[in-house]
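Here the structure comes first, spelled out in structure tokens, and everything after it is commentary.
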Amino acid sequence: MSNAAFVYTELQISVPFDQVPWQGINAAIRELPGFRNKTWLSGIENNSAGGFYEFDSIENAQSFVTDYFPTEARNFGVAQTTRIFDANAARDASIDMQSPHFGVKPRQKPGAFVYTEVQINVLPFNDAPWPALNPVLKAQPGLLSKTWLSGMHTGSLGGFYSFDTIENAKKFAVDYFPQEAASLKAAFTTRIFDATPTETASREMASPVYG
């Protein structure tokens with residue numbers, strides 16, 4: 001089997017998280033081959049539903065995004081987004097950013113999450129400018145951790161971040177991150193999620209962001 005993998009998903013849906021049938025979904029996902037953990041995501045402003053997952057191999061992550069998840073989206077009757085990332089490629093960069101996905105104990109519970117992806121091809125990942133970017137990221141108000149992301153097949157650069165508050169997450173996504181993407185001369189995606197309503201569902205799925 002190959003390296004471990006991260007998966008990002010988001011459903012094009014607008015449902016307050018307390019109306020998402022997460023208990024049944026959790027039970028089904030826990031039975032999937034290679035599943036390790038999931039952090040549930042609830043979009044601010046639009047109430048989208050999604051997740052950030054860890055699988056034991058790229059192969060099992062691929063099965064998840066091609067077999068299981070399209071069925072979940074179909075059950076809701078909505079379009080969907082999925083991305084697969086090579087987890088081990090960015091291990092050192094993520095540990096330097098206190099990523100709980102690599103055994104770093106969280107300092108506090110998150111209040112918000114941010115997902116980013118930059119439309120750029122950097123392979124291998126170590127050619128990315130992460131040694132220069134990490135010190136700048138560490139100085140961002142309220143940042144608790146970042147898990148660096150290296151896109152399968154695409155070499156895109158991204159991140160899954162934990163912040164202390166939604167306010168600081170917004171400042172990062174709206175004010176800081178466009179400057180970072182501009183320095184790379186690339187288009188980009190940002191998403192902000194409220195961590196509070198999804199805590200119970202995420203803890204049930206062994207999310208490492210809660211310690």
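- In this structure, CD1 on Ile58 lies 8.0 Å from CG on Asn88, to the nearest 0.5 angstrom.
- Other residues, nucleotides and ligands contribute over 12 non-hydrogen atoms within 6.0 Å of the NZ atom of Lys138.
- Closest heavy-atom contact between Ile95 and Val104: O-CG2, 4.3 Å.
- For the residue pair Ser162 and Val209, the shortest heavy atom distance occurs at OG-CG1, 4.1 Å.
- Using a 4.5 Å heavy-atom threshold, the side chains of Val7 and Val65 count as touching.
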Please report the C-alpha distance between Asp67 and Thr71 in whole Å, then the side-chain angles of each, then the deciding distance to 0.1 Å, and finally whether the side chain to side chain contact (heavy atoms under 4.5 Å, CB included) criterion is met. CA-CA 7 Å; Asp67 298 335; Thr71 300; over 6 Å; no
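- Considering all non-hydrogen atoms of both residues, Pro21 and Phe76 come closest at CD-CZ, 3.9 Å.
- A salt bridge between Lys170 and Asp175 is absent, with no side-chain N of the basic residue lying under 4.0 Å from a carboxylate O of the acidic one.
- Met97 and Leu144 end up in different hydrophobic clusters when Ile, Leu, Val, Met, Phe, Trp and Tyr side chains are linked at under 4.5 Å.
- Ring pair Phe55/Phe64: centre-to-centre distance below 6.0 Å.
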Stepwise, does the side chain to side chain contact (heavy atoms under 4.5 Å, CB included) test hold for Met205 with Ser207? CA-CA 6 Å; Met205 296 296 274; Ser207 170; 5.7 Å; no
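- You'll find the side chain of Lys38 reaches within 4.5 Å of the side chain of Ile29, heavy atoms only.
- Under the 4.5 Å side-chain heavy-atom criterion for grouping Ile, Leu, Val, Met, Phe, Trp and Tyr, Val122 is connected to Phe188 within one hydrophobic cluster.
- Classification of the Phe177-Phe172 ring pair by plane angle, with boundaries at 30° and 60°, yields tilted.
- Between atom CG of residue Leu184 and atom CD of residue Gln179 there is a gap of 12.5 Å, rounded to the nearest 0.5 Å.
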CA sep, side-chain torsions, deciding dist, call: Glu10, Ser48, side-chain hydrogen bond (donor to acceptor under 3.5 Å, both in side chains): CA-CA 7 Å; Glu10 190 173 1; Ser48 64; 2.7 Å; yes
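- Looking only at side-chain heavy atoms (C-beta outward), Trp40 and Pro197 stay at 4.5 Å or farther from each other.
- For the residue pair Ser99 / Ser94, no side-chain donor-acceptor distance below 3.5 Å is found, with atom types taken as modelled.
- Following chains of ILVMFWY side-chain contacts shorter than 4.5 Å, one cannot reach Phe193 starting from Trp22, and the two form parts of different hydrophobic clusters.
- Distance check, rounded to the nearest 0.5 Å: OG of Ser42 to CD of Glu199 gives 13.5 Å.
- Between Gln62 and Thr66, the shortest heavy-atom contact is O-OG1, 2.7 Å.
- In terms of heavy-atom proximity, Gln80 sits nearest to Phe69 at OE1-CD2, 3.0 Å.
- Side-chain atoms of Arg191 never come within 3.5 Å of backbone atoms of Gly43 as a donor-acceptor pair (strictly under, hydrogens ignored).
- In this structure, the side chain of Asn26 engages the main chain of Ala201 through a donor-acceptor pair within 3.5 Å.
- A 4.5 Å side-chain heavy-atom check between Leu41 and Thr198 finds every atom pair outside the cut-off.
- In this structure Tyr115 satisfies the side-chain hydrogen bond (donor to acceptor under 3.5 Å, both in side chains) test together with Glu117, sequence neighbours excluded.
- Ring centers of Phe52 and Tyr8: at least 6.0 Å apart, outside the cut-off.
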Verdict with reasoning, Trp148 to Asp92, per side-chain hydrogen bond (donor to acceptor under 3.5 Å, both in side chains): CA-CA 9 Å; Trp148 275 91; Asp92 292 343; over 6 Å; no
Before you tell me yes or no, could you show the steps for Thr116 and Tyr161 under side chain to side chain contact (heavy atoms under 4.5 Å, CB included), namely the whole-Å CA-CA distance, both residues' side-chain angles and the distance that decides it to 0.1 Å? CA-CA 8 Å; Thr116 67; Tyr161 308 74; 3.4 Å; yes
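- Atom CG of residue Asp194 and atom CD of residue Glu45 lie 10.5 Å apart, to the nearest 0.5 angstrom.
- Proximity of Ser63 to Tyr68: side-chain heavy atoms (C-beta onward) are nowhere separated by under 4.5 Å.
- The heavy-atom pair separating Leu123 from Asp127 by the smallest distance is O-OD2, 3.8 Å.
- Between Tyr176 and Val136 the shortest side-chain heavy-atom distance falls below 4.5 Å.
- Checked for salt-bridge contact, Glu204 and Arg30 meet the test: a charged N lies under 4.0 Å from a carboxylate O.
- Leu157 places a side-chain heavy atom less than 4.5 Å from the side chain of Phe125.
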Walk me through whether Leu137 and Glu180 qualify under side chain to side chain contact (heavy atoms under 4.5 Å, CB included). CA-CA 10 Å; Leu137 291 170; Glu180 183 178 306; 3.6 Å; yes
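- Rounded to the nearest 0.5 angstrom, Lys105 NZ and Ser145 OG are separated by 13.0 Å.
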Candidate pair Asp96 and Trp130, rule side-chain hydrogen bond (donor to acceptor under 3.5 Å, both in side chains), full reasoning: CA-CA 10 Å; Asp96 187 54; Trp130 69 264; over 6 Å; no
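- Follow the hydrophobic side-chain contacts under 4.5 Å out from Tyr53 and you reach Ile13 in the same cluster.
- Between Phe163 and Phe113, the ring center distance fails the sub-6.0 Å criterion.
- One distance of note links CZ of Arg203 with CG of Asn37; it measures 13.5 Å at 0.5 Å rounding.
- Contact check for Ser156 versus Phe85: side-chain heavy atoms found under the 4.5 Å cut-off.
- Leu149 and Phe102 fall within the same hydrophobic cluster, defined by Ile, Leu, Val, Met, Phe, Trp and Tyr side-chain heavy atoms under 4.5 Å apart, directly or through other members.
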